Asker: 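Let me begin by handing over the structure; questions about it come next.
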Amino acid sequence: MKHILFLSALALVFLCSGVTKGKYDLSFNPSKGAAYKQHLVTNSTIAQSFNGQDMNVSVTADMTASFVVTDVKADLFTTQMTFDKIKVSMDANTMKMSFGSEASDNDERFAEMGTILKSITGIPVDVQTDKKGAVKSVGGVDKLQASIAKAIEASSNEQIKGMSTSMTMHQYSEEGIKSMLKQMTAPFPEQPIDIGDSWDAITVFDSNGLKLSANMKMKLRGVADNIATIEGSGTLDTQGEQNQTNQGVEMKVSQKGEQITVMQINLKTGLLVGAEISQKLKGEVSVMGNAMAQDIVTKITITTE
(Lines give C-alpha, C1' and ligand atoms only; values in the text may rest on other atoms or scores of the structure.)
Protein backbone atom coordinates (compact mmCIF):
# COMPACT_ATOMS: atom_id res chain seq x y z
CA MET A 1 0.00 0.00 0.00
CA LYS A 2 2.85 2.40 0.88
CA HIS A 3 4.48 1.52 -2.43
CA ILE A 4 1.29 2.46 -4.30
CA LEU A 5 0.99 5.75 -2.39
CA PHE A 6 4.63 6.58 -3.16
CA LEU A 7 4.12 5.93 -6.88
CA SER A 8 0.96 8.01 -6.86
CA ALA A 9 2.77 10.91 -5.18
CA LEU A 10 5.64 10.60 -7.63
CA ALA A 11 3.22 10.64 -10.57
CA LEU A 12 1.59 13.79 -9.15
CA VAL A 13 4.96 15.52 -8.91
CA PHE A 14 5.72 14.74 -12.54
CA LEU A 15 2.24 15.86 -13.56
CA CYS A 16 2.65 19.19 -11.77
CA SER A 17 6.10 19.61 -13.29
CA GLY A 18 4.61 19.08 -16.70
CA VAL A 19 2.09 21.86 -16.16
CA THR A 20 4.81 24.49 -15.63
CA LYS A 21 7.32 23.09 -18.10
CA GLY A 22 8.18 25.62 -20.78
CA LYS A 23 6.98 28.61 -18.73
CA TYR A 24 9.24 31.65 -18.53
CA ASP A 25 9.20 34.11 -15.65
CA LEU A 26 10.25 37.31 -17.40
CA SER A 27 11.63 39.78 -14.87
CA PHE A 28 14.25 42.48 -14.33
CA ASN A 29 16.96 40.73 -12.33
CA PRO A 30 20.52 42.10 -12.82
CA SER A 31 23.04 41.37 -10.07
CA LYS A 32 24.59 44.07 -7.89
CA GLY A 33 27.68 45.46 -9.58
CA ALA A 34 26.46 44.63 -13.10
CA ALA A 35 27.62 47.26 -15.61
CA TYR A 36 26.40 47.84 -19.14
CA LYS A 37 25.93 50.49 -21.80
CA GLN A 38 22.90 51.24 -23.95
CA HIS A 39 22.94 53.01 -27.30
CA LEU A 40 19.70 54.65 -28.39
CA VAL A 41 19.13 56.16 -31.85
CA THR A 42 15.86 57.94 -32.63
CA ASN A 43 15.01 58.96 -36.20
CA SER A 44 11.92 61.12 -36.62
CA THR A 45 10.35 62.68 -39.69
CA ILE A 46 7.79 65.40 -39.05
CA ALA A 47 5.56 66.40 -41.96
CA GLN A 48 3.32 69.47 -41.60
CA SER A 49 0.91 71.01 -44.06
CA PHE A 50 -0.54 74.54 -43.78
CA ASN A 51 -2.46 76.44 -46.47
CA GLY A 52 -1.25 73.98 -49.10
CA GLN A 53 2.40 74.39 -48.13
CA ASP A 54 4.34 71.34 -46.96
CA MET A 55 7.02 71.64 -44.29
CA ASN A 56 9.20 68.64 -43.45
CA VAL A 57 11.70 68.23 -40.63
CA SER A 58 13.97 65.24 -40.00
CA VAL A 59 15.60 64.81 -36.60
CA THR A 60 18.12 62.18 -35.49
CA ALA A 61 19.07 61.88 -31.82
CA ASP A 62 21.97 59.57 -30.95
CA MET A 63 22.61 58.86 -27.27
CA THR A 64 24.85 56.49 -25.28
CA ALA A 65 24.45 55.94 -21.54
CA SER A 66 26.28 53.82 -18.94
CA PHE A 67 24.53 51.87 -16.16
CA VAL A 68 25.85 50.29 -12.96
CA VAL A 69 23.59 48.36 -10.55
CA THR A 70 24.53 49.79 -7.16
CA ASP A 71 21.96 48.18 -4.88
CA VAL A 72 19.47 45.30 -4.83
CA LYS A 73 16.83 45.14 -2.09
CA ALA A 74 13.99 42.64 -2.35
CA ASP A 75 12.34 43.46 -5.69
CA LEU A 76 13.84 46.94 -6.08
CA PHE A 77 16.98 47.60 -8.11
CA THR A 78 18.96 50.87 -7.89
CA THR A 79 21.01 51.68 -10.97
CA GLN A 80 23.35 54.61 -11.50
CA MET A 81 22.79 56.00 -14.98
CA THR A 82 25.22 58.42 -16.67
CA PHE A 83 24.82 60.00 -20.10
CA ASP A 84 28.09 59.49 -21.98
CA LYS A 85 27.48 61.02 -25.40
CA ILE A 86 24.64 62.87 -27.13
CA LYS A 87 24.37 64.04 -30.72
CA VAL A 88 21.48 65.69 -32.56
CA SER A 89 21.13 66.30 -36.30
CA MET A 90 18.28 68.26 -37.92
CA ASP A 91 17.27 68.85 -41.51
CA ALA A 92 14.48 71.39 -41.91
CA ASN A 93 13.90 71.99 -45.60
CA THR A 94 16.87 74.19 -46.59
CA MET A 95 18.40 74.42 -43.09
CA LYS A 96 20.67 71.73 -41.69
CA MET A 97 22.32 71.62 -38.30
CA SER A 98 24.34 69.19 -36.23
CA PHE A 99 25.53 69.48 -32.65
CA GLY A 100 26.64 67.15 -29.88
CA SER A 101 28.47 66.69 -26.61
CA GLU A 102 31.68 65.82 -28.50
CA ALA A 103 33.44 68.79 -30.13
CA SER A 104 33.87 66.82 -33.37
CA ASP A 105 30.07 66.52 -33.70
CA ASN A 106 29.43 70.27 -33.85
CA ASP A 107 28.82 72.60 -36.75
CA GLU A 108 30.63 75.83 -35.96
CA ARG A 109 27.37 77.80 -36.00
CA PHE A 110 25.88 75.58 -33.29
CA ALA A 111 28.88 75.03 -31.04
CA GLU A 112 27.00 76.56 -28.11
CA MET A 113 24.27 73.91 -28.49
CA GLY A 114 27.01 71.31 -28.26
CA THR A 115 28.30 72.90 -25.06
CA ILE A 116 24.81 72.60 -23.58
CA LEU A 117 24.60 68.90 -24.51
CA LYS A 118 28.07 68.44 -23.00
CA SER A 119 26.67 69.74 -19.69
CA ILE A 120 24.33 66.72 -19.58
CA THR A 121 27.10 64.12 -19.76
CA GLY A 122 29.08 62.72 -16.84
CA ILE A 123 26.49 63.51 -14.15
CA PRO A 124 24.98 60.32 -12.65
CA VAL A 125 21.33 59.92 -11.68
CA ASP A 126 19.89 57.08 -9.58
CA VAL A 127 17.16 55.00 -11.16
CA GLN A 128 14.99 52.60 -9.16
CA THR A 129 13.31 49.79 -11.10
CA ASP A 130 11.10 46.97 -9.83
CA LYS A 131 11.14 43.30 -10.78
CA LYS A 132 8.63 43.82 -13.58
CA GLY A 133 10.69 46.54 -15.28
CA ALA A 134 8.66 49.52 -14.05
CA VAL A 135 10.75 52.64 -13.35
CA LYS A 136 9.72 53.78 -9.87
CA SER A 137 11.89 56.86 -9.39
CA VAL A 138 14.79 58.88 -10.78
CA GLY A 139 16.92 60.70 -8.19
CA GLY A 140 19.76 63.20 -8.40
CA VAL A 141 18.19 65.05 -11.31
CA ASP A 142 18.62 68.40 -9.53
CA LYS A 143 22.40 68.33 -10.18
CA LEU A 144 21.80 67.47 -13.83
CA GLN A 145 19.26 70.28 -14.21
CA ALA A 146 21.60 72.77 -12.52
CA SER A 147 24.40 71.85 -14.93
CA ILE A 148 22.11 72.30 -17.95
CA ALA A 149 20.74 75.62 -16.66
CA LYS A 150 24.27 76.95 -16.09
CA ALA A 151 25.32 76.06 -19.65
CA ILE A 152 22.17 77.65 -21.12
CA GLU A 153 22.68 80.85 -19.13
CA ALA A 154 26.27 81.08 -20.38
CA SER A 155 25.12 81.11 -24.01
CA SER A 156 25.32 84.47 -25.78
CA ASN A 157 22.67 83.52 -28.37
CA GLU A 158 19.07 84.17 -27.26
CA GLN A 159 17.66 81.88 -29.96
CA ILE A 160 19.87 79.03 -28.80
CA LYS A 161 18.85 79.73 -25.20
CA GLY A 162 15.18 79.41 -26.13
CA MET A 163 15.68 76.28 -28.22
CA SER A 164 17.84 74.61 -25.58
CA THR A 165 15.49 75.41 -22.72
CA SER A 166 12.50 73.84 -24.46
CA MET A 167 14.50 70.86 -25.76
CA THR A 168 16.70 69.87 -22.83
CA MET A 169 15.26 71.06 -19.52
CA HIS A 170 12.11 68.94 -19.91
CA GLN A 171 13.69 65.99 -21.70
CA TYR A 172 16.28 65.59 -18.93
CA SER A 173 13.90 66.20 -16.03
CA GLU A 174 12.76 63.34 -13.79
CA GLU A 175 9.66 62.72 -15.93
CA GLY A 176 11.64 63.07 -19.16
CA ILE A 177 14.23 60.50 -18.08
CA LYS A 178 11.49 58.16 -16.85
CA SER A 179 9.86 58.32 -20.28
CA MET A 180 13.18 57.62 -21.98
CA LEU A 181 13.80 54.60 -19.74
CA LYS A 182 10.31 53.22 -20.37
CA GLN A 183 11.41 52.69 -23.96
CA MET A 184 14.70 51.10 -22.84
CA THR A 185 13.10 48.41 -20.65
CA ALA A 186 10.55 45.70 -21.44
CA PRO A 187 7.04 45.65 -19.91
CA PHE A 188 7.03 42.21 -18.31
CA PRO A 189 3.89 40.12 -17.61
CA GLU A 190 2.79 39.49 -14.03
CA GLN A 191 2.77 35.69 -14.38
CA PRO A 192 5.11 33.13 -16.00
CA ILE A 193 4.26 32.62 -19.67
CA ASP A 194 4.90 30.18 -22.47
CA ILE A 195 5.98 30.85 -26.05
CA GLY A 196 2.99 32.24 -27.93
CA ASP A 197 1.34 33.71 -24.81
CA SER A 198 0.39 37.40 -24.83
CA TRP A 199 -0.32 40.10 -22.25
CA ASP A 200 -1.48 43.71 -22.13
CA ALA A 201 0.90 46.59 -21.38
CA ILE A 202 -0.40 50.12 -20.88
CA THR A 203 2.15 52.90 -20.38
CA VAL A 204 2.16 56.68 -20.51
CA PHE A 205 5.35 58.36 -21.69
CA ASP A 206 6.57 61.74 -22.84
CA SER A 207 7.32 62.35 -26.52
CA ASN A 208 8.58 65.80 -27.50
CA GLY A 209 6.69 67.40 -24.62
CA LEU A 210 3.46 65.45 -25.25
CA LYS A 211 2.08 62.73 -23.01
CA LEU A 212 1.28 59.69 -25.13
CA SER A 213 -0.71 56.73 -23.88
CA ALA A 214 0.47 53.42 -25.36
CA ASN A 215 -1.98 50.51 -25.24
CA MET A 216 0.06 47.50 -26.34
CA LYS A 217 -0.55 43.78 -26.81
CA MET A 218 2.76 42.01 -26.11
CA LYS A 219 3.66 38.43 -27.09
CA LEU A 220 6.52 36.06 -26.33
CA ARG A 221 7.50 35.07 -29.87
CA GLY A 222 10.38 32.71 -29.08
CA VAL A 223 13.38 31.80 -26.92
CA ALA A 224 16.85 30.82 -28.14
CA ASP A 225 20.25 30.78 -26.39
CA ASN A 226 18.82 32.39 -23.22
CA ILE A 227 17.39 35.30 -25.26
CA ALA A 228 13.64 35.91 -25.35
CA THR A 229 12.12 37.72 -28.32
CA ILE A 230 9.08 39.82 -27.46
CA GLU A 231 6.91 41.52 -30.06
CA GLY A 232 4.14 44.01 -29.53
CA SER A 233 1.65 46.13 -31.40
CA GLY A 234 -0.89 48.69 -30.30
CA THR A 235 -2.14 52.24 -30.34
CA LEU A 236 -0.76 55.64 -29.32
CA ASP A 237 -3.01 58.51 -28.28
CA THR A 238 -2.68 61.94 -26.68
CA GLN A 239 -6.20 61.41 -25.29
CA GLY A 240 -7.48 64.62 -26.87
CA GLU A 241 -5.81 68.04 -27.15
CA GLN A 242 -2.75 68.94 -25.09
CA ASN A 243 -1.16 72.35 -24.57
CA GLN A 244 2.47 72.67 -25.62
CA THR A 245 4.93 75.57 -25.55
CA ASN A 246 7.82 75.72 -28.01
CA GLN A 247 10.20 78.67 -27.68
CA GLY A 248 7.44 80.78 -26.15
CA VAL A 249 4.79 79.83 -28.74
CA GLU A 250 1.60 78.31 -27.31
CA MET A 251 0.15 75.39 -29.28
CA LYS A 252 -2.63 72.85 -28.99
CA VAL A 253 -1.69 69.37 -30.23
CA SER A 254 -3.70 66.17 -30.69
CA GLN A 255 -2.36 62.94 -32.15
CA LYS A 256 -3.26 59.29 -32.64
CA GLY A 257 -1.31 56.43 -34.14
CA GLU A 258 0.23 53.02 -33.82
CA GLN A 259 3.37 51.39 -32.48
CA ILE A 260 5.13 48.13 -33.36
CA THR A 261 7.86 46.80 -31.08
CA VAL A 262 10.34 43.93 -31.27
CA MET A 263 12.61 43.36 -28.26
CA GLN A 264 15.28 40.83 -27.29
CA ILE A 265 15.64 40.19 -23.56
CA ASN A 266 18.31 38.30 -21.60
CA LEU A 267 16.28 35.72 -19.64
CA LYS A 268 18.76 35.59 -16.74
CA THR A 269 19.13 39.34 -16.10
CA GLY A 270 16.01 40.77 -17.72
CA LEU A 271 18.18 43.34 -19.48
CA LEU A 272 17.29 44.58 -22.92
CA VAL A 273 19.69 43.14 -25.50
CA GLY A 274 18.23 45.05 -28.44
CA ALA A 275 15.01 46.62 -29.65
CA GLU A 276 13.36 48.24 -32.65
CA ILE A 277 10.33 50.47 -32.10
CA SER A 278 8.32 51.96 -34.96
CA GLN A 279 5.75 54.70 -34.38
CA LYS A 280 3.35 56.43 -36.76
CA LEU A 281 1.31 59.40 -35.55
CA LYS A 282 -1.26 61.55 -37.29
CA GLY A 283 -2.77 64.65 -35.81
CA GLU A 284 -3.23 68.38 -35.78
CA VAL A 285 -1.35 71.38 -34.39
CA SER A 286 -3.20 74.61 -33.68
CA VAL A 287 -1.31 77.91 -33.26
CA MET A 288 -3.31 81.09 -32.55
CA GLY A 289 -6.41 79.44 -33.98
CA ASN A 290 -4.70 78.28 -37.17
CA ALA A 291 -4.68 74.49 -37.55
CA MET A 292 -2.29 72.42 -39.60
CA ALA A 293 -2.01 68.69 -40.18
CA GLN A 294 0.99 66.95 -38.69
CA ASP A 295 2.32 63.43 -39.34
CA ILE A 296 5.24 61.99 -37.37
CA VAL A 297 7.07 58.78 -38.26
CA THR A 298 9.66 57.60 -35.73
CA LYS A 299 12.02 54.63 -35.58
CA ILE A 300 13.90 53.90 -32.37
CA THR A 301 16.80 51.45 -32.25
CA ILE A 302 18.34 50.31 -28.95
CA THR A 303 21.38 48.10 -28.43
CA THR A 304 23.07 47.01 -25.20
CA GLU A 305 26.77 46.32 -24.68
Side-chain angles (χ1 to χ4, degrees), residues 40-50 54-61 63 129-130 132-138 166-167 169-190 197-221 230-247 249-263 272 275-302:
L40 184 147
V41 180
T42 303
N43 290 292
S44 294
T45 300
I46 304 167
Q48 296 177 330
S49 180
F50 181 67
D54 294 332
M55 296 170 284
N56 298 315
V57 179
S58 297
V59 182
T60 298
M63 184 271 290
T129 308
D130 70 11
K132 289 305 172 183
V135 179
K136 293 300 184 180
S137 67
V138 178
S166 61
M167 184 177 71
M169 291 300 284
H170 179 78
Q171 186 174 353
Y172 294 95
S173 64
E174 180 177 356
E175 287 304 313
I177 294 173
K178 274 186 180 180
S179 292
M180 186 187 304
L181 290 170
K182 283 179 182 179
Q183 299 185 74
M184 299 169 75
T185 54
F188 294 126
E190 292 297 325
D197 288 349
S198 60
W199 67 97
D200 294 325
I202 300 174
T203 57
V204 177
F205 62 92
D206 183 274
S207 177
N208 299 317
L210 292 175
K211 286 196 178 297
L212 281 173
S213 176
N215 193 334
M216 302 290 292
K217 176 71 73 175
M218 310 300 293
K219 180 180 180 180
L220 179 58
R221 191 171 72 185
I230 298 172
E231 61 183 14
S233 61
T235 60
L236 300 172
D237 198 337
T238 57
Q239 305 292 325
E241 281 190 342
Q242 293 185 22
N243 295 321
Q244 189 179 39
T245 302
N246 191 348
Q247 297 187 55
V249 179
E250 300 287 338
M251 300 180 290
K252 292 184 180 294
V253 184
S254 61
Q255 291 186 332
K256 291 184 178 182
E258 60 186 21
Q259 176 170 302
I260 297 173
T261 300
V262 179
M263 295 179 166
L272 190 70
E276 285 193 0
I277 304 167
S278 298
Q279 300 172 342
K280 292 182 180 180
L281 290 165
K282 285 184 174 290
E284 188 176 86
V285 178
S286 179
V287 181
M288 293 185 293
N290 297 311
M292 58 182 169
Q294 184 184 69
D295 295 349
I296 303 176
V297 177
T298 300
K299 181 178 179 180
I300 302 169
T301 304
I302 306 169

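Residues take their numbers from the sequence shown, with the count starting at 1. These figures come from a predicted structure and were not determined experimentally.
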Asker: Within a reach of under 6.0 Å around NZ of Lys219, are more than 12 heavy atoms found that belong to other residues, nucleotides or ligands?
Answerer: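 No.
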Asker: For Lys211 and Glu175, work out which heavy atoms get closest and say how close.
Answerer: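 Distance-wise, the nearest heavy atoms are NZ-OE1, 4.5 Å.
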Asker: About how many Å separate CD of Glu276 and OG1 of Thr261, when rounded to the nearest 0.5 Å?
Answerer: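 Nearest 0.5 Å value for the OG1-CD distance: 10.5 Å.
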Asker: What are the two closest heavy atoms between Asp295 and Gly283, and how far apart are they?
Answerer: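 Heavy-atom minimum between the residues: OD1-N, 4.3 Å.
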Asker: Search all heavy atoms of Trp199 against all heavy atoms of Phe188 and return the closest pair with its distance.
Answerer: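 Closest approach of Trp199 to Phe188: NE1-C, 3.9 Å.
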Asker: Of all the heavy-atom pairs spanning Thr298 and Ser44, show the shortest one and how long it is.
Answerer: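 Minimum heavy-atom separation between Thr298 and Ser44: OG1-OG, 3.0 Å.
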Asker: Check Asp200 with Lys217, please: is the shortest side-chain N to carboxylate O separation under 4.0 Å?
Answerer: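 Counted as a salt bridge, because a side-chain N and a carboxylate O are separated by less than 4.0 Å.
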Asker: Return the OG to NZ distance between Ser213 and Lys256, rounded to the nearest 0.5 Å.
Answerer: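 The OG atom of Ser213 sits 11.5 Å away from the NZ atom of Lys256.
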Asker: Would you mind reporting whether Asn290 and Met292 have side-chain heavy atoms less than 4.5 Å apart?
Answerer: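 When only atoms from C-beta onward are counted, Asn290 and Met292 do not touch, as no gap falls below 4.5 Å.
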Asker: Please determine whether side chain to side chain contact (heavy atoms under 4.5 Å, CB included) holds for the pair Leu281 and Leu212, giving the CA-CA distance in whole Å, both sets of side-chain angles, and the decisive distance to 0.1 Å.
Answerer: CA-CA 10 Å; Leu281 290 165; Leu212 281 173; 3.9 Å; yes
Asker: What I want to check is whether the side chains of Ser286 and Glu284 have a donor and an acceptor closer together than 3.5 Å.
Answerer: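 Looking only at side-chain atoms, Glu284 and Ser286 do not form any donor-acceptor pair under 3.5 Å.
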Asker: Determine the minimum heavy-atom distance between Gln259 and Met216, stating which atoms define it.
Answerer: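 Taking every non-hydrogen atom into account, O-CE, 3.7 Å.
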Asker: Run the numbers on Gln48 and Val57 for side chain to side chain contact (heavy atoms under 4.5 Å, CB included), then give the verdict.
Answerer: CA-CA 9 Å; Gln48 296 177 330; Val57 179; 5.9 Å; no
Asker: Suppose we screen for side chain to side chain contact (heavy atoms under 4.5 Å, CB included). Which residues come up paired with Glu174, at least two apart in sequence or across chains?
Answerer: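 Applying side chain to side chain contact (heavy atoms under 4.5 Å, CB included) to Glu174 gives Val138, Val141, Lys178.
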Asker: CD1/Ile300 to CG/Leu40 distance, rounded to the nearest 0.5 angstrom?
Answerer: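 Result: 6.5 Å between the selected atoms.
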Asker: Going by atom type alone, with no hydrogens or angles, which donor-acceptor pairs under 3.5 Å involve a side-chain atom of residues 233-241 and a protein atom two or more places apart or on another chain?
Answerer:
unit_1: Asp237; atom_1: OD1; unit_2: Gln239; atom_2: N; d: 2.8
unit_1: Thr238; atom_1: OG1; unit_2: Gly240; atom_2: O; d: 2.7
unit_1: Thr238; atom_1: OG1; unit_2: Gln255; atom_2: N; d: 3.0
unit_1: Thr238; atom_1: OG1; unit_2: Gln255; atom_2: O; d: 3.3

Asker: Can you tell me which residue pairs pass the salt bridge (charged side-chain N to carboxylate O under 4.0 Å, His left out) test with a partner in residues 179-189, sequence neighbours excluded?
Answerer: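 Sorted result for residues 179-189: empty, none.
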Asker: Rounded at 0.5 Å granularity, tell me how far CD1 in Ile296 sits from NZ in Lys280.
Answerer: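 These two atoms lie 14.0 Å from each other.
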Asker: If you look at every heavy atom in Val287 and Glu250, which pair is closest and at what distance?
Answerer: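 Distance-wise, the nearest heavy atoms are CG1-O, 4.1 Å.
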Asker: For residues Met263 and Ile302, determine if any side-chain heavy atom of one lies less than 4.5 Å from a side-chain heavy atom of the other.
Answerer: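 A side-chain contact is absent here, since even the closest heavy-atom pair is not under 4.5 Å.
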Asker: Please confirm whether the backbone N or O of Gly257 pairs with a side-chain atom of Gln279, one donor and one acceptor, at under 3.5 Å?
Answerer: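 It does not hold such a pair.
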Asker: Look at the side chain of Lys252 and the backbone N and O of Val285, then say whether any donor-acceptor pair between them is shorter than 3.5 Å.
Answerer: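 A pair under 3.5 Å: no.
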